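Below is one structure, written out as structure tokens, with a few remarks after it.
Note that the structure is a prediction, hence the values are computed from the model and not measured.
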Amino acid sequence: MNKHLFKPLNQQVIVITGASSGIGLATARRAAREGSRLVLASRHEEALREICKDIKNAGGEAVYVVADVGEQADMQRIADTAIETFGGFDTWVNNAGVVVFSELKDLPVDEHQRLFQTNYWGVVHGSHVATEHFKQRVGGGTLINVASINSEMPVPILGAYSASKAAVKAFSEVLRMELMNEKAPVKVSIIMPSGISTPISEHARSHMEDQGKVLPPMYDVELVASTILKAARRPVRNITVGETGRLSMLAWSLLPTLMDHVLSRTLPKAQSSGKPKLPH
């Protein structure tokens with residue numbers, strides 16, 4: 001049995017999905033500054049190419065893979081690229097995610113399925129690929145899955161998103177237990193951000209009258225990036241990012257019926273930006 005060994009960031013190869021914007025991009029840039037070698041993945045080749053170019057110009061090492069995390073074969077290609085380029089990887093971050101702003105009754109089934117294909121199945125595929133590699137690697141590795149405070153506190157308008165993140169958290173918890181039972185050299189961390197200032201709302205489809213927005217207050221994306229890299233350096237089980245998220249989850253657990261009434265009345269309006277919906 002290989003024992004899990006945490007390495008300094010400047011000795012790590014880190015895989016990050018959803019790396020072309022938001023949390024993934026901030027994590028990639030911060031890790032590159034720390035000296036990590038990076039394998040970055042998303043669907044947007046032009047953005048990935050520019051990010052890797054910037055990292056290399058600053059003296060870092062990074063390669064990219066154009067991939068849809070909902071496709072198992074694409075996730076395997078990411079791992080294969082890391083192995084071919086750097087000999088393997090030490091940390092794998094499942095970060096890719098999408099949002100649709102909609103009441104559940106108005107959400108088309110194909111969009112609901114597509115959201116789960118990215119948010120949930122992307123984590124499943126990535127986790128299996130990563131853990132198989134870690135089991136064979138001296139020193140094992142760290143799997144970091146990005147969920148959300150909505151995994152424990154579901155909210156209206158983001159019902160499908162909340163459901164997908166709850167599934168991510170449950171999957172990750174059980175995977176951790178199974179790996180523990182196997183005595184596998186793999187650490188599983190779950191990151192649960194509060195509202196974070198990223199372009200996710202700008203990329204989202206809306207079935208509301210207006211374009212949707214993430215409920216304020218919004219935290220700096222660098223706070224999540226630093227938390228992810230903390231989990232890459234030392235044992236982190238589950239961690240919530242943002243005081244508002246921690247307080248909201250506490251209120252939900254203590255006063256669930258009251259929170260039901262408050263959220264059902266306030267969130268539909270609070271998550272409307274007042275801006276026209278995007279044409280795409």
Side-chain angles (χ1 to χ4, degrees), residues 4-20 22-32 34 36-42 62 65 67 69 75 78-79 82 86 88-97 118-135 137 139-149 151-152 164-180 184-194 196 198 221-242 245:
H4 184 280
L5 176 65
F6 284 97
K7 299 179 182 177
L9 291 178
N10 62 7
Q11 296 178 23
Q12 288 200 37
V13 176
I14 301 178
V15 176
I16 304 172
T17 69
S20 57
I23 292 170
L25 176 56
T27 305
R29 286 175 169 163
R30 182 177 283 259
E34 294 284 347
S36 303
R37 292 171 291 170
L38 300 173
V39 181
L40 308 180
S42 85
V65 182
V69 298
M75 297 300 262
I78 298 171
F86 299 120
F89 51 91
D90 304 282
T91 297
W92 181 292
V93 183
N94 282 313
N95 163 73
T118 297
N119 292 7
Y120 175 69
W121 284 105
V123 169
V124 172
H125 296 324
S127 296
H128 286 319
V129 167
T131 53
E132 284 305 308
H133 177 70
F134 293 149
K135 289 176 185 179
R137 185 173 176 79
T142 302
L143 174 66
I144 301 173
N145 290 340
V146 179
S148 165
I149 62 167
S151 65
E152 294 192 0
S164 71
K165 291 300 187 178
V168 165
K169 184 172 185 293
F171 168 82
S172 303
E173 298 271 21
V174 174
L175 178 63
R176 180 193 288 135
M177 288 184 262
E178 292 179 352
L179 292 166
M180 187 181 299
V186 185
K187 296 296 183 184
V188 179
S189 295
I190 303 171
I191 310 298
M192 295 181 288
S194 304
I196 306 298
T198 75
V221 69
E222 292 294 334
L223 186 60
V224 189
S226 65
T227 302
I228 289 172
L229 294 182
K230 174 184 176 182
R233 295 193 304 270
R234 63 176 72 93
V236 170
R237 181 182 171 85
N238 301 349
I239 186 166
T240 303
V241 182

Between Ser194 and Val241, is there a donor-acceptor pair closer than 3.5 Å when you use the side chain of the first and the backbone of the second? yes
Restricting to side chain to side chain contact (heavy atoms under 4.5 Å, CB included), what partner residues turn up for Ser148, sequence neighbours left out? Asn150, Tyr161, Lys165
For Leu143 and Arg176: C-alpha separation, side-chain torsions, deciding distance, then whether side chain to side chain contact (heavy atoms under 4.5 Å, CB included) applies. CA-CA 10 Å; Leu143 174 66; Arg176 180 193 288 135; over 6 Å; no
If only atom types and distance count, is the side chain of His133 paired as donor or acceptor with the main-chain N or O of Gly88 below 3.5 Å? no
In Å and rounded to the nearest 0.5 Å, what is the CZ to CZ distance from Arg137 to Phe89? 8.0 Å
Ile14 and its side-chain contact (heavy atoms from CB on, under 4.5 Å) partner, picked from Thr27, Leu229, Leu40: Leu229
Any chance you could lay out the side chain to side chain contact (heavy atoms under 4.5 Å, CB included) test for Lys169 and Asn238, step after step, and finish with the verdict? CA-CA 9 Å; Lys169 184 172 185 293; Asn238 301 349; 4.1 Å; yes
Give a yes or no answer on whether the side chain of His4 reaches the backbone of Gly141 with a donor-acceptor pair at less than 3.5 Å. yes
Evaluate Ser151 against Val168 for side chain to side chain contact (heavy atoms under 4.5 Å, CB included), listing each step before the verdict. CA-CA 8 Å; Ser151 65; Val168 165; over 6 Å; no
Taking all atoms of both residues into account, what is the closest heavy-atom pair of Asn119 and Gly97, and its distance? OD1-CA, 3.2 Å
Should the pair Arg30-Glu34 be classified as a salt bridge under the 4.0 Å nitrogen-to-oxygen rule? no
Would you say Asn95 and Ile191 make side-chain contact, with heavy atoms under 4.5 Å? no
Between Leu38 and Ala32, the two heavy atoms sitting closest are CD1-CB, 3.9 Å
Quick one about Gln11 and Asp90 (side-chain donor to acceptor, distance below 3.5 Å, no hydrogens or angles considered), yes or no? no
Interatomic distance, CE@Met180 vs CG@Leu175, rounded to 0.5 Å, equals 10.5 Å
Could you give the distance from CG (Asn145) to CG (Asn94), rounded to the nearest 0.5 Å? 4.5 Å
Worked check of side chain to side chain contact (heavy atoms under 4.5 Å, CB included) between Ile228 and Ile23: CA-CA 9 Å; Ile228 289 172; Ile23 292 170; 3.7 Å; yes
Suppose we screen for salt bridge (charged side-chain N to carboxylate O under 4.0 Å, His left out). Which residues come up paired with Glu178, at least two apart in sequence or across chains? none
Does some side-chain heavy atom of Trp92 sit less than 4.5 Å from a side-chain heavy atom of Ser127? no
Non-hydrogen atoms of Ser42 and Gly18 that approach each other most closely: CB-CA, 4.4 Å
Quick one: closest heavy-atom pair of Ser172 and Val188, and the distance? O-CG1, 3.9 Å
Do the side chains of Thr131 and Leu179 get nearer than 4.5 Å, heavy atoms only? yes
Partner set under ring-ring contact (aromatic ring centres under 6.0 Å, His included) for Phe171, not counting sequence neighbours: His128
Considering the options Leu223, Val224, Ile149, Thr227, which one meets the side-chain contact (heavy atoms from CB on, under 4.5 Å) requirement together with Pro193? Val224
Could you tell me if the side chain of Ser189 sits less than 4.5 Å from the side chain of Ile239, heavy atoms only? no
What closest approach, in Å, do Ile144 and Ala232 show between heavy atoms, and which atom pair accounts for it? CD1-N, 3.8 Å
Taking Arg233 for its side chain and Leu9 for its backbone only, find out whether a donor-acceptor pair lies under 3.5 Å. no
Looking only at heavy atoms, which two atoms of Glu222 and Ala26 are closest? And how far apart? OE2-CB, 3.9 Å
